[in-house]
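First comes the structure, then the notes that go with it.
Below, chains carry the letters A, B, ... as their sequence lines are ordered, and counting in each starts from 1. Since this is a predicted model, take the numbers as computed values, not measurements. Reckoned from all heavy atoms, side chains included, excluding hydrogens, waters and symmetry mates.
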Protein chains: 2
Amino acid sequence: MSAIEDLVTELSRLPTIGKKSALRLTYHLLKQPPEQSKRLAQALATLTDRVRMCDRCFNLTEEPLCAVCRDPRRDSATICVVEEASDIAAIERTGEYRGMYHVLGGRLSPLDGIGPDELTVAALVTRVAAGGIKEVILATNPKLEGEATALYVQEQLASDGVPVSRIALGMPVGGDLEYADGVTIAQAISSRRLMK
Amino acid sequence: MSAIEDLVTELSRLPTIGKKSALRLTYHLLKQPPEQSKRLAQALATLTDRVRMCDRCFNLTEEPLCAVCRDPRRDSATICVVEEASDIAAIERTGEYRGMYHVLGGRLSPLDGIGPDELTVAALVTRVAAGGIKEVILATNPKLEGEATALYVQEQLASDGVPVSRIALGMPVGGDLEYADGVTIAQAISSRRLMK
């Protein structure tokens with residue numbers, strides 16, 4: 001197989017990149033100085049060598065503990081539970097949350113063979129049981145499987161007596177009622193808050 | 001900089017890949033077996049080492065001559081002139097063209113500092129002057145700069161007496177008059193053909 005076909009094959013294994021995009025990216029790289037491809041190759045090669053999971057929260061990190069867990073200024077009494085490490089990046093971008101995290105490593109999905117044992121729920125229960133936690137926020141995605149996962153995690157933590165909360169559902173900020181789906185609107189209405 | 005940030009930076013240098021997509025791709029790779037990243041890294045690293053320009057037509061190749069120029073079954077008397085090597089891939093996918101190619105390496109664009117000397121027009125003139133060519137098809141893109149380039153190439157070849165043609169402009173097959181732009185419709189009408 002030729003070098004071009006090789007790269008096209010490898011690129012099109014990535015999500016959202018089809019055969020055509022892969023070909024376009026390859027031709028783009030061929031028009032750039034060779035160093036650009038080399039740097040990208042280097043970054044890819046070192047990625048999986050250096051990146052591992054945080055011993056405490058399963059976030060991605062290059063150290064035994066992730067940057068959040070190592071930061072002494074963060075509130076260690078609050079744990080925000082997410083499905084994937086990429087969700088942490090999304091929450092951190094808001095700059096609004098100052099607590100800890102716990103990455104489940106997915107969501108319950110019996111059809112895909114993902115049960116409780118495939119997730120890090122047991123580690124979360126142990127973490128909470130160790131004490132010092134004032135609240136667990138369940139930030140799994142507001143979809144069927146994410147809701148089921150949140151429910152399951154809540155049940156597992158129930159005996160501990162630590163308050164467990166769920167992120168709010170409603171209209172996205174800047175959203176348009178006209179274009180929102182009915183379920184979201186219904187949720188936004190039923191979860192309405194009294195204005196003071 | 002961390003290994004993740006490194007890769008995100010390098011990926012987002014690519015066209016159509018923004019910071020968010022780069023992050024998504026990186027997290028995707030971290031969930032795959034490490035071999036996938038390694039294979040992609042390998043393909044990228046060898047790409048620019050192995051791929052070069054065809055000595056005759058400036059197509060991309062790993063040999064002195066490209067696959068088209070080496071193929072004895074192709075019609076060597078016809079040259080299809082394109083802007084980029086990627087255009088050859090698009091034409092080859094149709095399976096309709098059996099002649100040779102010539103890659104200009106871009107289009108005339110004075111604003112971007114691309115004049116005739118930046119393109120391979122001189123090499124094309126030499127190639128045609130060497131004899132044995134029955135037709136030159138100009139397949140530069142049907143945009144302002146592509147048309148100007150086609151006109152310029154035609155002028156350069158005029159003294160040779162070899163027929164120079166231009167790809168047809170008109171409605172795309174399967175297109176809808178209702179949604180086509182006026183310039184295309186006007187072109188389709190003025191270039192109409194008598195039905196026999």
Side-chain angles (χ1 to χ4, degrees), chain A residues 1-17 19-53 59-63 66-67 84-90 93 103 105-106, chain B residues 1-17 19-53 59-63 66-67 84-90 93 103 105-106:
Chain A
M1 201 150 68
S2 82
I4 291 181
E5 285 166 28
D6 253 3
L7 182 56
V8 168
T9 307
E10 291 303 330
L11 281 174
S12 50
R13 278 190 222 282
L14 296 173
T16 75
I17 298 190
K19 202 94 189 169
K20 264 193 173 173
S21 307
L23 207 57
R24 201 175 308 125
L25 292 173
T26 303
Y27 283 122
H28 169 85
L29 283 169
L30 282 165
K31 295 194 84 181
Q32 306 303 310
E35 300 78 53
Q36 191 178 338
S37 307
K38 303 286 183 202
R39 277 201 315 269
L40 180 50
Q42 190 55 44
L44 278 160
T46 55
L47 179 72
T48 46
D49 291 338
R50 284 169 55 190
V51 177
R52 38 162 290 163
M53 275 193 276
N59 188 8
L60 295 171
T61 175
E62 298 181 26
E63 314 283 335
C66 76
E84 304 286 356
S86 48
D87 298 328
I88 294 184
R93 273 197 294 276
V103 180
Chain B
M1 203 149 67
S2 81
I4 292 180
E5 285 165 27
D6 253 4
L7 181 56
V8 168
T9 306
E10 292 303 330
L11 281 174
S12 51
R13 278 189 223 283
L14 297 173
T16 74
I17 298 190
K19 202 95 188 169
K20 263 192 173 171
S21 307
L23 206 57
R24 202 174 310 124
L25 292 173
T26 303
Y27 283 122
H28 169 84
L29 284 169
L30 282 166
K31 295 195 83 180
Q32 305 304 309
E35 300 80 54
Q36 190 178 338
S37 307
K38 303 286 183 202
R39 277 201 314 270
L40 179 51
Q42 190 54 42
L44 278 159
T46 55
L47 178 73
T48 47
D49 291 337
R50 284 169 56 188
V51 177
R52 39 163 289 163
M53 276 193 275
N59 188 7
L60 295 170
T61 174
E62 298 181 27
E63 315 281 336
C66 76
E84 305 286 356
S86 47
D87 298 329
I88 294 184
R93 273 196 294 275
V103 179

inquiry  = Using every non-hydrogen atom in the two residues, find where A:L44 and B:A41 come nearest and quote the distance to one decimal.
reply    = CB-CB, 3.8 Å
key: Winner by heavy-atom pair count (cut-off under 4.5 Å) against chain B, out of A:S86, A:A43, A:A90   = A:S86
ask   = Between B:K38, B:R39, B:H28, which residue shows the highest count of heavy-atom pairs closer than 4.5 Å to chain A?
value = B:R39
task = Find the one option among B:T16, B:L60, B:T61 whose heavy-atom pairs under 4.5 Å with chain A are most numerous.
result = B:L60
remark   = Okay, A:I4 and chain B: the region with an atom under 4.5 Å from a heavy atom over there is both
request  = Just jot down the side chain to side chain contact (heavy atoms under 4.5 Å, CB included) partners of A:P33, sequence neighbours excluded, or say none.
outcome  = A:E35
message = How long is the straight-line distance from CG of B:L47 back to CG of A:D6, given to the nearest 0.5 Å?
response = 9.5 Å
request  = Could you pull out the closest heavy-atom pair between A:Y27 and B:A85, with the gap in Å?
outcome  = OH-O, 4.1 Å
request  = Answer with side chain, backbone, both or neither: which region of B:Q42 has an atom nearer than 4.5 Å to a non-hydrogen atom of chain A?
outcome  = neither
message = Test of understanding: with side chain to side chain contact (heavy atoms under 4.5 Å, CB included), list the residues that count as partners of A:K20, not counting sequence neighbours.
response = A:R24, B:R93
remark   = Taking every heavy atom of B:E10 against every heavy atom of A:Q36, the minimum-distance pair comes out as OE1-O, 4.1 Å
note = Counting heavy-atom pairs under 4.5 Å with chain B, the top scorer among A:L11, A:L7, A:V51 is A:L7
message = Between B:T48, B:L25, B:L40, who has the most heavy-atom pairs with chain A when the cutoff is under 4.5 Å?
response = B:L40
